[in-house]
> 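Here's a structure for you.
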Amino acid sequence: MSCRVRFAPSPTGYLHVGSARTALFNWLHARATGGTYVLRIEDTDAERNRSDLTDSLLAELEWLGLDWDEGPYFQSERRDRHREVVEGLLERGLAYLCDADNNEVDGMSLVDGLAVRFRMPAGGTVAFDDVVRGEVSFATDDLEDFVIWRSNGSPMFLLANAVDDADMGITDAIRGEDLLSGVPKVLLLLDAIGAPRPTYAHLPLLVNEQRKKLSKRRDDVSIGDYRARGYLPEAMVNYLALLGWGPPDDVEVRPLDEIVDLFRIEDVNKAAAFFDLKKLEHVNATHLRALAHDEFLERVAPWVGDEAPWPAERFDPDRFSTMVGLVQEKLRTLGDTPRFVDFLFLDDPVDDPDSWEKAMVKGPSAAEMLDGAATVLADCPWETEALLAAVSEVGEGLGLKLGKAQAPIRVAVTGRTVGPPLFEAMAECMERDEVLRRIARARARL
RNA sequence: GCCCCCAUCGUCCAGCGGCCUAGGACGCCUGCCUUUCACGCAGGUAACACGGGUUCGAAUCCCGUUGGGGGUGCCA
């Protein structure tokens with residue numbers, strides 16, 4: 001029998017990285033086993049029942065490439081069914097009416113203004129076999145009579161969750177460990193309505209450096225923010241897959257379709273995983289380097305368009321395209337791109353104090369190098385090898401190796417000590433006059 | 001407080017009783033390459049929380065301790 005899984009987020013206006021990981025593992029399990037992946041929005045709380053809060057959620061899921069086979073279903077649209085189930089439990093005495101002071105009120109049917117609590121059986125044990133955690137059990141005496149219907153006439157999530165999983169034929173519930181202690185209550189509800197229990201798989205939490213669950217308050221948790229900073233969706237899902245799971249062949253950076261082939265929910269481990277930005281950057285940089293030239297140009301477009309730190313009319317697609325070939329392998333995110341190429345499209349290179357200090361103040365013979373370069377670059381052939389040879393010669397005259405010799409020129413021309421290979425950039429993307437002007441400009445500022 | 005879960009390098013993952021003097025990756029350090037940075041290449045650093053068992057044999061199984069986390073809402 002093929003499985004049916006669901007990702008059931010509560011709309012919060014953005015997609016949390018932890019939620020994205022949960023969505024990914026559900027999606028992977030479905031794709032790996034030929035099952036069905038259902039998307040369901042858990043918006044039973046009136047405050048969250050707003051379309052603008054779910055739109056961005058859906059957009060981010062699409063961006064990650066986690067396409068769903070069914071849905072999105074909205075719990076808020078299933079109110080009548082939830083009410084019907086609650087009434088059934090009331091009639092059978094498995095639940096009871098309760099007032100604001102938590103006192104039981106007699107009655108076999110719903111009453112406006114009163115909540116409903118599920119009657120917890122005494123002296124029982126609820127046990128289940130979690131795919132990642134193994135046997136887990138709870139004593140019902142440790143559980144309280146929990147609310148399943150609010151006094152304002154809406155269902156509580158445990159009730160909606162149980163009913164919807166049952167109605168939608170969910171066979172495997174894959175979700176975060178923070179939901180583990182709610183399982184016995186859902187199981188009791190499922191038993192009460194005569195529905196089969198799904199198999200549960202609780203994923204280890206994603207934590208920050210303090211080993212606490214990732215929180216919106218302290219941590220960078222929005223997928224949208226990572227997207228905006230220039231992380232690629234394929235890198236994002238790749239890295240997320242590595243949190244709580246690892247490929248059997250130890251090849252970590254790879255395309256999603258390969259992960260689908262390798263993924264097995266039983267292999268997920270139990271311990272919480274630290275969300276390590278450094279490793280994410282590495283995964284991203286690797287995927288970035290692997291992009292074909294044209295593909296890269298397409299992906300990077302948003303970062304060199306209107307948002308770029310230079311006047312739009314100064315941008316030159318041809319020179320940019322050439323430059324990409326020189327810097328693509330140096331980038332960690334798409335967002336790094338502008339600062340590697342901005343000098344081409346700005347009237348003057350940016351003033352980076354650290355670079356200036358390093359090359360012009362602390363570095364050796366800056367003035368002599370700039371003067372020498374101004375002379376030799378004035379009439380040498382405008383080709384990479386010739387420029388390199390000319391600058392090398394000036395450097396040798398001053399007893400400097402090329403590494404030291406090129407530094408002042410690099411800063412004069414590009415503004416920074418870090419950047420593309422200098423002579424290629426000058427020969428292929430810049431005019432002689434402009435280079436000489438910048439060298440003179442820097443010399444005057446010494 | 002009570003309930004539940006977890007525990008291998010700084011971090012992520014491997015290890016599912018002998019192949020482990022514990023492997024891979026990120027990070028960090030060193031060297032090579034070199035027009036900066038990066039990439040690449042070659043090395044290095046660094047872990048089975050502790051204590052009892054079980055067993056011929058334990059990182060692997062059991063118990064306890066300690067530590068960490070999650071839950072405990074008329075939020076999801």
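A note on names: the letters A, B, ... follow the listed sequences, proteins ahead of strands, and every chain is numbered from 1.
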> Using the C1' atoms only, state how far B/C39 lies from B/C4, rounded to an integer number of Å.
47 Å

> The side chain of A/Thr44 is closest to which nucleotide in this list: B/C26, B/U36, B/A76?
B/A76

> Can you list the residues that meet the side chain to side chain contact (heavy atoms under 4.5 Å, CB included) rule with A/Asp348, with sequence neighbours excluded?
A/Arg437, A/Arg441

> Say you pick atom P in B/G52 and the same atom in B/C12; how far apart are they, in whole Å?
28 Å

> With respect to the side chain of A/Asp250, which nucleotide from B/C74, B/U35, B/G23 is positioned closest?
B/G23

> Now, which nucleotide makes the Watson-Crick or G-U wobble pair with B/C74, with each of the two distances under 3.5 Å?
none

> With a 3.5 Å limit on both atom pairs, tell me what B/C50 is paired to, counting Watson-Crick and G-U wobble, or say none.
B/G64

> With C1' as the reference atom in both, quote the distance from B/G15 to B/U8 in angstrom, rounded to an integer.
9 Å

> With the side chain of A/Asp276 defined as its heavy atoms from C-beta on, choose the nearest nucleotide among B/U35, B/U11, B/C6.
B/U11

> Say you pick atom P in B/C5 and the same atom in B/C63; how far apart are they, in whole Å?
11 Å

> Using the side-chain hydrogen bond (donor to acceptor under 3.5 Å, both in side chains) rule, pick out the option among A/Asp342, A/Asp351, A/Asp352 that qualifies with A/Arg416.
A/Asp342

> Need one value for A/Asp99: base, sugar-phosphate or nothing, where a base atom within 4.0 Å counts as base even if backbone is also close, heavy atoms only.
base

> Within the structure shown, what part of the strands sits under 4.0 Å from A/Gln406 by heavy-atom distance: base, sugar-phosphate, or nothing?
sugar-phosphate

> Select one nucleotide: of B/C74, B/C37, B/A76, the one nearest the side-chain heavy atoms of A/Ala115.
B/C74

> Less than 4.0 Å between a side-chain N and a carboxylate O, is that true for A/Arg254 and A/Asp261?
no

> Angle class for the A/Trp245/A/Phe263 ring planes (parallel below 30°, perpendicular above 60°, tilted otherwise)?
tilted

> Counting only side-chain heavy atoms from C-beta out, which of B/C12, B/C75, B/C39 sits nearest to A/Lys279?
B/C12

> Tell me if the side-chain of A/Lys330 makes a donor-acceptor pair with the base of B/C37, cut-off 3.5 Å, by modelled atom types.
yes

> Between the protein and nucleotides 68-72 of chain B, are there any N/O to N/O pairs under 3.5 Å, and if so, what are the atom names and distances?
residue	atom	partner	partner atom	Å
B/G69	OP1	A/Lys212	NZ	2.6
B/G70	OP1	A/Lys213	N	3.4
B/G71	OP1	A/Lys213	NZ	2.8
B/G71	O4'	A/Ser181	OG	3.4
B/G71	O2'	A/Ser181	OG	2.8

> Any Lys/Arg nitrogen of A/Arg432 or A/Asp379 sitting under 4.0 Å from an Asp/Glu carboxylate oxygen of the other?
no

> Looking for any heavy atom pair under 4.0 Å, which part of the strands does A/Arg133 touch: base, sugar-phosphate only, or nothing?
sugar-phosphate

> For atom C1', what is the distance between B/U60 and B/C41, given to the nearest Å?
36 Å

> Can you tell which of B/C12, B/C74, B/G27 lies closest to the side chain of A/Ala100?
B/C74

> Let me spell it out: for each of A/Ser137 and A/Cys98, pick the nucleotide of RNA chain B with the closest heavy atom. Which residue's pick is nearer the 5' end?
A/Ser137

> Taking atom types as they are modelled, is there a donor-acceptor pair under 3.5 Å from the base of B/C37 to the side chain of A/Thr417?
no

> Roughly how many Å apart are B/C29 and B/C9, using the C1' atom of each and rounding to a whole number?
15 Å

> Nearest of B/U35, B/C12, B/A76 to any side-chain atom of A/Arg150?
B/A76

> Need to verify one output field. Residue with the more 5' nearest nucleotide on RNA chain B, A/Asn269 or A/Val136?
A/Val136

> Should we say atom CD of A/Glu84 is surrounded by more than 12 heavy atoms from elsewhere, each under 6.0 Å from it?
yes

> Just call it for A/Glu424: base, sugar-phosphate, or nothing, with non-hydrogen atoms closer than 4.0 Å on any strand.
base

> Check every strand shown and say whether A/Phe138 touches a base, only sugar-phosphate, or nothing at a heavy-atom separation below 4.0 Å.
sugar-phosphate

> What I want to find out is whether A/Lys330 reaches A/Asp336 closely enough, with some N-O distance under 4.0 Å, to be called a salt bridge.
no

> At 4.0 Å (heavy atoms only), tell me whether A/Val116 reaches a base, stays on the sugar-phosphate, or touches nothing.
nothing

> Look at the rings of A/Phe146 and A/Phe118 and say which category their plane angle falls in: under 30° parallel, 30 to 60° tilted, over 60° perpendicular.
tilted

